[in-house]
Amino acid sequence: PTGSLLYPDGQDQGDETIPKHDDGTFREISLSIPFTFYGKSYQTVFVNNNGVISFNEPIRPYTPDPLLLMDGRPFVAPYWADVDTILGGDIFYHQTINPALLEDISQDITQNFPKSPFTATWAWWPTTRMAPLLKRLGPWGMKGNTFQAVLTTDSKVFYIIPNYWDIQWTTGAASDEDPEMGLGGTPAHAGFNSGNETNFYNIPGCQTDAIINITTTSNVKVP
Ligand SMILES: *[C@@H]1O[C@H](CO)[C@@H](O)[C@H](O)[C@H]1NC(C)=O
Ligand SMILES: *[C@@H]1O[C@H](CO)[C@@H](O)[C@H](O)[C@H]1NC(C)=O
């Protein structure tokens, strides 16, 4: 999005706040419009603390391992890494049919895919805001990651927009990170997965050190 990059989030924007967790999953969330993902329609989603939105069932592992999930667990991972919101930060979600917000989303999509004009009629997005690095307050203070994933549709075409505001760490302490910096080890995963080994998309750089630069290297303009 233009302007403030992030689509609106927070309690003052009418978001629901997900209770603070470590490796937890909030209850199944109902979508007011069914969302089609890899050919299947879902009426509910799970927002998992560690940066994964899943269909069918929760996903709890803190170290990203998409191979674990090739057993029929479809998911979108805007940024799958070990998040502990008990230490700080928040996860919200927003569901809207507000025309002004939908217009912003429609413009962002149409700008990137001018050959497929899109008029959103519904959108839903969780925002993970300044989720700190797990159990570590180093000499640099607290590092935080802030990102969203917007699910939107015009009821015919379905888009998911991973949206990164600020990414300062890639790896949780329990995923073999460098003890000081929140880097190294098994870095964050980002991508889309149908739940099998055939149909998935990994955002370039995921699970490598380069994911730290996803705010500038993401797949904008790549369908
Ligand atoms: C993988 O998932 C996709 C989408 O659900 C489906 O179309 C495809 O048949 C599946 N492939 C296998 C090998 O199960
Ligand atoms: C991230 O981007 C910066 C600036 O372009 C670059 O110097 C650095 O090597 C990149 N980091 C990784 C791990 O790719």
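Residues take their numbers from the sequence shown, with the count starting at 1. Predicted model, so just to flag it, every value in this text is computed and none were measured.
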Please set out all donor-acceptor pairs under 3.5 angstrom arising from side-chain atoms of residues 64-73, sequence neighbours excluded.
| residue | atom | partner | partner atom | Å |
| --- | --- | --- | --- | --- |
| D65 | OD1 | L67 | N | 3.1 |
| D71 | OD1 | R73 | NE | 3.1 |
| D71 | OD2 | R73 | NE | 3.4 |
| D71 | OD2 | R73 | NH2 | 3.2 |
| R73 | NH2 | L68 | O | 3.1 |

Revision key, fill the gap. d(W125 CH2, F92 CZ) to nearest 0.5 Å is 13.5 Å

Study note, to complete from the structure: Correct closest heavy-atom pair for A190 and I214 would be CB-CD1, 4.2 Å

Practice item. Please report the shortest heavy-atom distance between G184 and T171, naming the atom on each side. Key: O-OG1, 2.6 Å

Exercise for review: Measure the shortest side-chain to side-chain distance between L183 and I212 over non-hydrogen atoms and say whether it is less than 4.5 angstrom.
Suggested key: yes

Check your understanding: Does the N199 side chain pair with the main chain of G195, one donor and one acceptor, at a distance under 3.5 Å?
Key -> no

Check your understanding: Is it true that atom CD of E197 has more than 12 heavy atoms of other residues, nucleotides or ligands lying nearer than 6.0 Å?
Key -> no

Practice item. Show your working on side chain to side chain contact (heavy atoms under 4.5 Å, CB included) between T85 and I91 and close with a plain yes or no. Key: CA-CA 8 Å; T85 44; I91 302 175; 3.9 Å; yes

Revision key, fill the gap. Correct closest heavy-atom pair for Q13 and P8 would be OE1-CB, 3.6 Å

Check your understanding: Any side-chain donor-acceptor pair under 3.5 Å between S30 and Q43?
Key -> no

Exercise for review: Please step through side chain to side chain donor-acceptor pair (under 3.5 Å) for the pair N193 and Y201, ending with a clear verdict.
Suggested key: CA-CA 6 Å; N193 200 302; Y201 177 80; over 6 Å; no

Revision key, fill the gap. Between P187 and I211 the two heavy atoms that sit nearest each other are CB-CG2, 4.0 Å

Point to revise | Main-chain N/O of V157 paired with T153 side-chain donor or acceptor, under 3.5 Å | key: yes

**Study point:** Non-hydrogen side-chain atoms of R129 and L6 separated by less than 4.5 Å
**Key:** yes

Check your understanding: From N49 CG over to D82 CG, what is the distance, rounded to the nearest 0.5 angstrom?
Key -> 9.0 Å

Check your understanding: Taking a hydrophobic cluster as the set of Ile, Leu, Val, Met, Phe, Trp and Tyr residues connected by side-chain heavy atoms closer than 4.5 Å, whether directly or through intermediates, do Y38 and I33 fall within one such cluster?
Key -> yes

Exercise for review: Evaluate the side-chain proximity of I86 to H21: yes if any heavy-atom separation is below 4.5 Å, no if none is.
Suggested key: no

Review point. Does a donor on one side chain sit under 3.5 Å from an acceptor on the other, for N145 and Y164?
Key: no

Check your understanding: Mind checking what makes side chain to side chain contact (heavy atoms under 4.5 Å, CB included) contact with T152, not counting sequence neighbours?
Key -> I105, I109, F118, A120, A123, V150, Y159

Check your understanding: Backbone N or O of N50 within a donor-acceptor pair of the N48 side chain at under 3.5 Å?
Key -> no

Exercise for review: List for me each residue that meets salt bridge (charged side-chain N to carboxylate O under 4.0 Å, His left out) alongside D15, sequence neighbours excluded, and say none if there are none.
Suggested key: none

Point to revise | Criterion side-chain hydrogen bond (donor to acceptor under 3.5 Å, both in side chains) against Y7, the qualifying member of T127, N163, D108 | key: D108

Review point. CG/N213 to OG1/T215 distance, rounded to the nearest 0.5 angstrom?
Key: 6.5 Å

Exercise for review: Quick one: do I18 and Y93 satisfy side chain to side chain contact (heavy atoms under 4.5 Å, CB included)? Show the steps, please.
Suggested key: CA-CA 8 Å; I18 291 186; Y93 66 93; 4.0 Å; yes

**Study point:** Minimum side-chain heavy-atom gap Y62-D84 below 4.5 Å
**Key:** no

Point to revise | Audit row: F75, H189, side chain to side chain contact (heavy atoms under 4.5 Å, CB included) steps and yes/no | key: CA-CA 12 Å; F75 71 92; H189 179 76; 4.2 Å; yes

Check your understanding: Looking only at atom types and distance, does a side-chain atom of S54 sit under 3.5 Å from a main-chain N or O of V47, one as donor and one as acceptor?
Key -> no

Review point. For the atom pair CD1 (I59) and CD1 (I53), what is the distance rounded to the nearest 0.5 Å?
Key: 10.5 Å

**Study point:** Same apolar cluster: F158 and Y42, side chain cutoff 4.5 Å
**Key:** yes

Practice item. Check side chain to side chain contact (heavy atoms under 4.5 Å, CB included) between L31 and all other residues, then give those that pass, not counting sequence neighbours. Key: F35, V45, Q95, W122, W124

Point to revise | D90 and K20 ion-paired at < 4.0 Å | key: yes

Point to revise | Contacts of T146 that satisfy side-chain hydrogen bond (donor to acceptor under 3.5 Å, both in side chains) - sequence neighbours left out | key: none

Point to revise | Side chain to side chain, F200 and P74, heavy atoms closer than 4.5 Å | key: no

Point to revise | Given Y79, W80, W165, the one that forms ring-ring contact (aromatic ring centres under 6.0 Å, His included) with F147 | key: Y79

Practice item. Give the minimum heavy-atom separation between T119 and D154, together with the two atoms involved. Key: O-CB, 3.0 Å

Review point. Is any side-chain heavy atom of H94 less than 4.5 Å from a side-chain heavy atom of D9?
Key: no

Practice item. Apply the test side chain to side chain contact (heavy atoms under 4.5 Å, CB included) to residues F37 and F55: give CA-CA distance (whole Å), side-chain angles for both, the deciding distance (0.1 Å), then the verdict. Key: CA-CA 9 Å; F37 184 67; F55 302 96; 3.4 Å; yes

Exercise for review: Would you check if the side chain of Q168 reaches a backbone N or O of G144 as a donor-acceptor pair within less than 3.5 Å?
Suggested key: yes

Exercise for review: Assess the side chains of N196 and S194: does a donor N or O sit below 3.5 Å from an acceptor N or O?
Suggested key: yes

Point to revise | Those residues that, when tested against K40, pass side-chain hydrogen bond (donor to acceptor under 3.5 Å, both in side chains) (two or more places apart) | key: none

Point to revise | Reported CD-to-OG1 distance for the pair Q207 and T63, which is rounded to 0.5 angstrom | key: 10.0 Å

